[in-house]
Amino acid sequence: MHCNCNIRALHRSNKQATLFRFRQNNPIIRTALLVVISAGIISLGSPVSAAETIESPPSKSDPMLFFDSQDLTVRGHFQFGVNAVAERNLFWDLAELATGNIEFDSDENWLEIYTEPGISFERHISPHSSWFGKVSAVASYTAGTDAFAASNIGSVTIEEIYLGYRTTLTDEWNIEASFGPRMLKLGTGMLIANGGSDGFERGALKFGPREAWGKAAIVQLTGSGIKATAFYLAPNEIPSNDTKNLFNGIDLRWDGEDGSYTGLTYIHVIKSEAAYPKAAPRGIGAPTIIADARAKLNAVNFYGKKERVGGDLSNLSLALDVTYEWNDRINLRAWGGRIKSEYVFTRYSWRPTLGYSYQIFSGDNPNTSRIERFDPLYYDGSPSTWATGSKSAMVFINSNVQSHNLSIRITPTMQDTITLRYAHVRAVELRSPLQFGQATRLDFSNGLSSVVSGVTNAHLSDDFFLEYNRIVTPNVYLTAGLSISIPGAGITGAAGGNAPNWIGGFINVVFNY
């Protein structure tokens, strides 16, 4: 996800991509929920033909190409990253101002490191068919105390360990199937992107190096610009908060030659122990926690993008995402979506790119018996995708929030990119649970007090985030950022009338081979 939390400048196939992921267990709240934000990207497109592989000689300049013959290719993989983080007035000091917790330190500095070695292979068994697979592991560690009070802790876990088979059916169509933990992102990552969780006993909260699903069976049919992906997935959750999620579904996608695309995803949650909060009647009183609420959830996600609209707007791109969720078992109906536009000023040096998006996710209406809380599942929380705010993305999951987002990006050189982002974040439903606001507190009106959750004013925050990315070499990447979150009336009201600005910064270096 952006929060200037959770940063990893991870670059695959020499493409720069800053990944943001976090796991939420805010000590402010009394009813803690775990949230995973991540970005995991995998391409399951048309495989390279066996003939193309055979004709390509091994690259003497590639130290990670261990073996390359007509029948077998073996490649090594290695990533290493170090990230220094500083935070001031964490969570707008709500731990003390809203709950009276003076033990939580709202000013922290810490260091995160991770390494991910791996090895992959492809074994050609005919000119049109091959076996393939990969094994990798992640070791991560946090030195110091992070935003959620985890200190000097880390772990080593398996990341990917899968075996697959691909073959050419006709001149136009290919099929690929794999089984075992691996990465998968569907659509724009609104619901399915991050398969792994970090932080707490695993360390590396903001780097978020784990991306692969803990269990994955994936079949994809590709041809004529169309991809059909069937999947069966379970996330790689932290042992201390494993909610036993298991789901399946199908994704259908069409890609145009100009970068435009259209797709539709259906998801069904087979089983889950994840709970939902239900707003108290009229928002007065503590929310009800519904156990195992995610089980049997259904979701349909439409996504599409149009590149180069045409005419005088040839540099304009437009995108739309809409998701509808339902669960008859608990009487849930929820929705969310986003409109997004981006314009590139190609006539100017540094190619300024101006972007605007508006995203909204339904919250539970305290005046109805139905549940309207949107479940964001395992979304991509990077700043250019589905993060709600910068700092605020550490606090508000994509449920009962909406935001207007502006960005300006410049590229002074081919190696350097500077991006400034602004987000105006608001609640959708008042007196209804937000991620930070599952706790209850007293709200005074006309001299009388009542217990409420959520906020009584929709304005949550205004977030600014300045990010710098540099490609030092084709395998070394530097990312640095500064961010500030200015609390809105909803936050200051929860804090008793006043709350400080939440500021922070980071700098990280990632080596990717």
Side-chain angles (χ1 to χ4, degrees), residues 1-4 16-18 20 37 39 187-191 193 256 258-263 301-323 335-362 374 376 379-393 396-412 417-428 458-469 481-486 488 490:
M1 40 244 220
H2 166 75
C3 51
N4 108 320
Q16 189 175 24
T18 305
F20 295 74
I37 299 182
T188 61
M190 183 179 182
L191 297 174
D258 63 349
S260 299
Y261 57 78
T262 303
N301 170 222
F302 168 84
Y303 58 92
K305 183 178 181 180
K306 174 62 178 175
E307 290 281 8
R308 296 192 290 275
V309 173
D312 294 335
L313 299 177
S314 59
N315 296 327
L316 176 68
S317 65
L318 299 173
L320 173 67
D321 290 81
V322 178
T323 292
W335 55 274
R338 179 183 65 187
I339 55 172
K340 184 178 181 180
S341 62
E342 194 170 76
Y343 189 88
V344 182
F345 295 88
T346 55
R347 295 183 180 180
Y348 297 90
S349 60
W350 297 9
R351 291 177 61 87
T353 301
L354 182 65
Y356 167 78
S357 67
Y358 171 72
Q359 58 193 48
I360 182 171
F361 312 93
S362 62
F374 185 79
Y379 63 103
D380 182 342
S382 68
S384 60
T385 53
W386 289 101
T388 299
S390 55
K391 293 298 186 189
S392 295
F396 309 121
I397 65 171
N398 287 353
S399 181
N400 194 23
V401 292
Q402 57 184 316
S403 64
H404 296 271
N405 310 284
L406 291 171
S407 67
I408 177 80
R409 182 177 68 250
I410 56 174
T411 53
T417 304
I418 301 172
T419 308
L420 176 64
R421 295 184 175 89
Y422 163 72
H424 176 72
V425 185
R426 303 181 67 84
V428 176
H459 184 195
L460 297 175
S461 67
D462 292 283
D463 288 12
F464 297 86
F465 173 55
L466 179 64
E467 183 183 39
Y468 168 68
N469 294 279
L482 294 171
S483 61
I484 181 172
S485 179
I486 303 170

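Position 1 is the first residue of the sequence; numbering continues from there.
A donor atom on one side chain and an acceptor atom on the other are found under 3.5 Å apart for T388 and Q359.
The closest donor-acceptor contact from the side chain of S317 to the backbone of K306 lies at 3.5 Å or more, if one exists at all. Not one N or O on the side chain of N469 forms a donor-acceptor pair closer than 3.5 Å with the backbone of I418. Distance alone, capped at 3.5 Å, places no donor-acceptor pair between the T262 side chain and the G304 backbone. Side chain of S260 to backbone of E307: a donor-acceptor contact under 3.5 angstrom is found.
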**Q.** side-chain contact (heavy atoms from CB on, under 4.5 Å) between L354 and F345, worked out
**A.** CA-CA 8 Å; L354 182 65; F345 295 88; 4.0 Å; yes

Q: Could you walk me through whether L320 and F302 pass the side-chain contact (heavy atoms from CB on, under 4.5 Å) test, one step at a time?
A: CA-CA 8 Å; L320 173 67; F302 168 84; 4.2 Å; yes

Q: Start with the C-alpha distance between R338 and M190, add both sets of side-chain angles, then the distance that settles side-chain contact (heavy atoms from CB on, under 4.5 Å), and finish with yes or no.
A: CA-CA 9 Å; R338 179 183 65 187; M190 183 179 182; over 6 Å; no

Q.
Between Y356 and Y343, does the side-chain contact (heavy atoms from CB on, under 4.5 Å) criterion hold? Intermediate values first, please.
A. CA-CA 9 Å; Y356 167 78; Y343 189 88; over 6 Å; no

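Going from atom CZ of R409 over to atom CG of L420 covers 12.5 Å, rounded to the nearest 0.5 Å. The line from CG of L482 to CZ of F464 is 13.5 Å long, rounded to the nearest 0.5 Å. In this structure, R426 CZ and S403 OG are separated by 11.5 Å, a value rounded to the nearest 0.5 Å. Separation of atoms OG1 (T417) and OH (Y468) is listed at 8.5 Å; rounding is to 0.5 Å. Note: H424 NE2 to L406 CG = 11.0 Å, rounded to the nearest 0.5 Å.
A 4.5 Å side-chain heavy-atom check between L318 and K305 finds every atom pair outside the cut-off. For the pair Y379/I397, a side-chain contact is recorded, criterion being any heavy-atom separation below 4.5 Å from C-beta on. Within the 4.5 Å cutoff, no side-chain heavy atoms of F374 are placed close to those of I360. In this structure, N405 and R421 have side chains that are not in contact, with every pair of non-hydrogen atoms separated by 4.5 Å or more.
Of all heavy-atom pairs between T346 and R351, the closest is CG2-NH1, 3.5 Å. Taking every heavy atom of both residues into account, S483 and F465 meet most closely at CB-CD1, 3.7 Å. Between Y348 and P352, the shortest heavy-atom contact is CB-CD, 3.9 Å.
Tested against W386 for a side-chain hydrogen bond (donor to acceptor under 3.5 Å, both in side chains), the candidates N398, T188, D380, D321 yield a single pass: T188. Here the options are D462, D463, V401, the test is side-chain contact (heavy atoms from CB on, under 4.5 Å), and the partner is S392; only D463 passes.
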